[in-house]
Amino acid sequence: MRTLTVFTIVLLISGIRCEAQIREKTDHTLSVQGQIPLWNHNMPEGPGPQDAEVITDKGSVTHISNPRLIVHQPSNPNGTAILVISGGGYAHIEMGKESTPAAQWLQSEGITAFELIYRLPQENWKTYNVPFEDAQRAMRLIRSVAKKYNIDPHKVGILGFSAGGHLAGFTSALPHKKLYQPVDETDSLSARPDFTGLIYPVISMLPPNNNTHSRKSIIGNKPALSVETAFSVEKQVTSDMPFTFLAQAQDDPISSVNNSILLYSALRKVNVPAEMHLFQTGGHGWGMGKKESPTASWPELFKAWAENNGFWK
């Protein structure tokens, strides 16, 4: 078999670090511990879809009227929690190949993972803000149950793939943006992630990166420039943005690698610690990374980065 060459650019604001190699780890005791509804009462922007939720054989979810967290609790939690968000162009949620495998891996490593099933903007809601409302609410809910799940409320991260990367990035950049009226005491808690991981993310809604399905789902085909800017994560970055990890393939045909580069550059300008890995090949939608491919190294790179920054032990 021909040896694959990884062309990985490792960019750190504080310097250049060595790469880590991914370890395969199997734990047959992994289990889902339960589900937590995001909104027990007063869910904003209703009524939403009226038919039953649909989950395909491959784990793609649509018709979501019950946004929720799926809890993956390790037997020996290490105190860290991560909200895991799949992509799907804001038209469906690819939990089967993204958030579920990632949550199971995190669980096997001692992380308490919360898989987010969020509302989709084109499913009969009053506004297109529903996924952003759900992500903020999810971060607050995780902190509200920190004691129950042995979580350090100051070690709550977020990890997003593709459109889920856009949702994670938006939440990281604008955690204090008032998207909905508070419904209970949980909404007094912070929605800011302590650290952020973005895997082949959609970041920008501005030209020339304005041809993604995510953009069409959120802001339509002919939005005003001000709207494109408001939903472009790189334009919302401040010095309060969490430490950020980025991984993307240079041949990504769905979300140009320029998305990660734009965000990394914006973070660097305001001195937010960040690390970016650019793989020469890999395309898009690789989830945990295709076995024996360059992209398969990202989970261990992410783990090493989180350990080095004190978020994972």
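- Under a hydrophobic-cluster definition in which Ile, Leu, Val, Met, Phe, Trp and Tyr are linked whenever side-chain heavy atoms come within less than 4.5 Å, directly or via other members, M288 and I254 are assigned to different clusters.
- No path of Ile, Leu, Val, Met, Phe, Trp and Tyr side chains, each step under 4.5 Å between heavy atoms, connects L189 with F195, placing them in separate hydrophobic clusters.
- If you run side-chain contact (heavy atoms from CB on, under 4.5 Å) between P67 and each of R137, M43, E133, only M43 comes through.
- To the nearest 0.5 Å, atoms OG (S256) and CG (D251) are separated by 11.0 Å.
- Without hydrogens or angle criteria, N259 side chain to I203 main chain gives a donor-acceptor distance under 3.5 Å.
- Annotation for H72 and A103: closest pair CD2-CB, 3.5 Å, computed over non-hydrogen atoms.
- More than 12 heavy atoms of other shown residues, nucleotides or ligands fall within 6.0 angstrom of atom NE2 in H284.
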| said: Show, in sequence, the C-alpha distance, side-chain angles and deciding distance for S60 and H92, and conclude whether the side chain to side chain donor-acceptor pair (under 3.5 Å) test is met. | reply: CA-CA 6 Å; S60 175; H92 55 103; 3.0 Å; yes
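- Residue L263 forms a side-chain contact (heavy atoms from CB on, under 4.5 Å) with just one option from V272, N258, L246, and that option is L246.
- Every salt bridge (charged side-chain N to carboxylate O under 4.0 Å, His left out) that E53 has, sequence neighbours left out, goes to R68.
- Remark: side-chain polar atoms of S232 are paired, donor with acceptor, to backbone N or O of M205 under 3.5 angstrom.
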| message | Using side chain to side chain contact (heavy atoms under 4.5 Å, CB included), reason through Q107 and T112 one step at a time and then give a plain yes or no. | response | CA-CA 6 Å; Q107 182 187 22; T112 305; over 6 Å; no
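- Shortest non-hydrogen contact noted between L141 and S144 is O-OG, 2.6 Å.
- Close placement of the Y180 and W39 rings is indicated, their centers lying within 6.0 Å of each other.
- The closest side-chain heavy-atom distance from R143 to V156 is below 4.5 Å.
- Between atom CE of residue M95 and atom CD1 of residue I85 there is a gap of 13.5 Å, rounded to the nearest 0.5 Å.
- By the 30° and 60° cut-offs, the orientation of the rings of H277 relative to F245 is tilted.
- Side-chain contact of D51 with H63: a donor-acceptor pair under 3.5 Å is present, judged by distance alone.
- One N or O on the side chain of S297 and one on the backbone of P294 form a donor-acceptor pair closer than 3.5 Å.
- Side chain of S172 to backbone of M241: no donor-acceptor contact under 3.5 angstrom is found.
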| said: Set out, in order, the CA-CA distance, both residues' side-chain angles and the distance that settles side chain to side chain contact (heavy atoms under 4.5 Å, CB included) for V61 and V54, then state yes or no. | reply: CA-CA 6 Å; V61 190; V54 176; over 6 Å; no
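- The backbone N or O of V84 lies less than 3.5 Å from no partner atom in the side chain of S99, so there is not a single donor-acceptor pair.
- Separating the CD1 atom in I111 from the OG1 atom in T80 is a distance of 4.5 Å, to the nearest 0.5 Å.
- Under a 3.5 Å cut-off, the side chain of N124 and the backbone N or O of G48 do form a donor-acceptor pair.
- F243 and F311 have perpendicular rings, their planes meeting at more than 60° on a 0 to 90° scale where under 30° would count as parallel.
- The nearest pair of heavy atoms linking V202 to A163 is CG2-N, 4.2 Å.
- The side-chain heavy atoms of M139 and L83, taken from C-beta on, include a pair separated by under 4.5 Å.
- Between I93 and L120, the closest side-chain pair of non-hydrogen atoms falls below 4.5 Å.
- Remark: K155 does not engage D194 in a salt bridge, criterion side-chain N to carboxylate O under 4.0 Å.
- Remark: H176 NE2 to S190 OG distance equals 5.5 Å, nearest 0.5 Å.
- Scanning both residues, P193 and T196, for their nearest heavy atoms gives CB-OG1, 4.1 Å.
- Taking 4.5 Å as the limit, every side-chain heavy atom of S162 sits out of range of all side-chain heavy atoms of S255.
- Under a hydrophobic clustering in which Ile, Leu, Val, Met, Phe, Trp and Tyr are joined whenever their side-chain heavy atoms come within less than 4.5 Å, directly or via other members, L174 and L267 fall into the same cluster.
- Residues meeting the salt bridge (charged side-chain N to carboxylate O under 4.0 Å, His left out) test with D240, sequence neighbours left out: R192.
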| message | Applying salt bridge (Lys or Arg N to Asp or Glu O under 4.0 Å) to K313 and D152, what does each step give before you reach the verdict? | response | CA-CA 12 Å; K313 64 177 182 180; D152 182 340; over 6 Å; no
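- Aromatic rings from F231 and F132 are positioned such that their centres are separated by under 6.0 Å.
- A single hydrophobic cluster is not seen to contain both L116 and Y128; linkage of ILVMFWY side chains at heavy-atom distances under 4.5 Å, directly or through other members, places them apart.
- Side-chain heavy atoms closer than 4.5 Å link hydrophobic residues (I, L, V, M, F, W, Y) into clusters, and following such links, possibly through other members, connects I70 to I142.
- The closest donor-acceptor contact from the side chain of Q35 to the backbone of L69 lies at 3.5 Å or more, if one exists at all.
- The closest side-chain donor-acceptor pair between S293 and T295 falls under 3.5 angstrom.
- Remark: the backbone N or O of S217 is paired with a side-chain donor or acceptor of Q122 at under 3.5 angstrom.
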| Y118/V130 under side chain to side chain contact (heavy atoms under 4.5 Å, CB included): CA gap, chis, key distance, verdict | CA-CA 8 Å; Y118 55 93; V130 288; over 6 Å; no
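- Counting only heavy atoms from C-beta outward, the side chains of P49 and W125 approach each other to under 4.5 Å.
- Interatomic distance, NZ of K216 versus CG of N221, reported as 6.0 Å (0.5 Å rounding).
- At distances below 3.5 Å, not a single donor-acceptor pair connects side-chain atoms of T186 with backbone N or O atoms of D184.
- Taking CG of D134 as the start and CD of Q136 as the end, the distance is 10.0 Å to the nearest 0.5 Å.
- Using a 4.5 Å cut-off on side-chain heavy atoms (C-beta onward), M276 and I261 make contact.
- Hydrophobic cluster membership for L225: L206 (Ile, Leu, Val, Met, Phe, Trp, Tyr linked by side-chain heavy atoms under 4.5 Å, directly or transitively).
- Judged by distance alone, with hydrogens and angles left aside, the side-chain atoms of E123 form no donor-acceptor pair with the main-chain N or O of Q50 at under 3.5 Å.
- For N150, the side-chain contact (heavy atoms from CB on, under 4.5 Å) partners are P77, not counting sequence neighbours.
- Side chain to side chain, E115 and T100 meet the donor-acceptor criterion of an N or O pair below 3.5 Å.
- Salt bridge absent: E228 and K235 never bring a charged side-chain N and a carboxylate O closer than 4.0 Å.
- Partners of E45 according to the salt bridge (charged side-chain N to carboxylate O under 4.0 Å, His left out) rule, which considers only residues two or more places apart in sequence or in another chain, do not exist here.
- Evaluation of the side-chain hydrogen bond (donor to acceptor under 3.5 Å, both in side chains) rule for S204 yields E234 as partners, not counting sequence neighbours.
- Within the 4.5 Å cutoff, the side chain of W298 has heavy atoms near those of the I199 side chain.
- Using cut-offs of 30° and 60° on the angle between ring planes, the pair W312 and F302 is perpendicular.
- Between L167 and Y90, the closest side-chain pair of non-hydrogen atoms falls below 4.5 Å.
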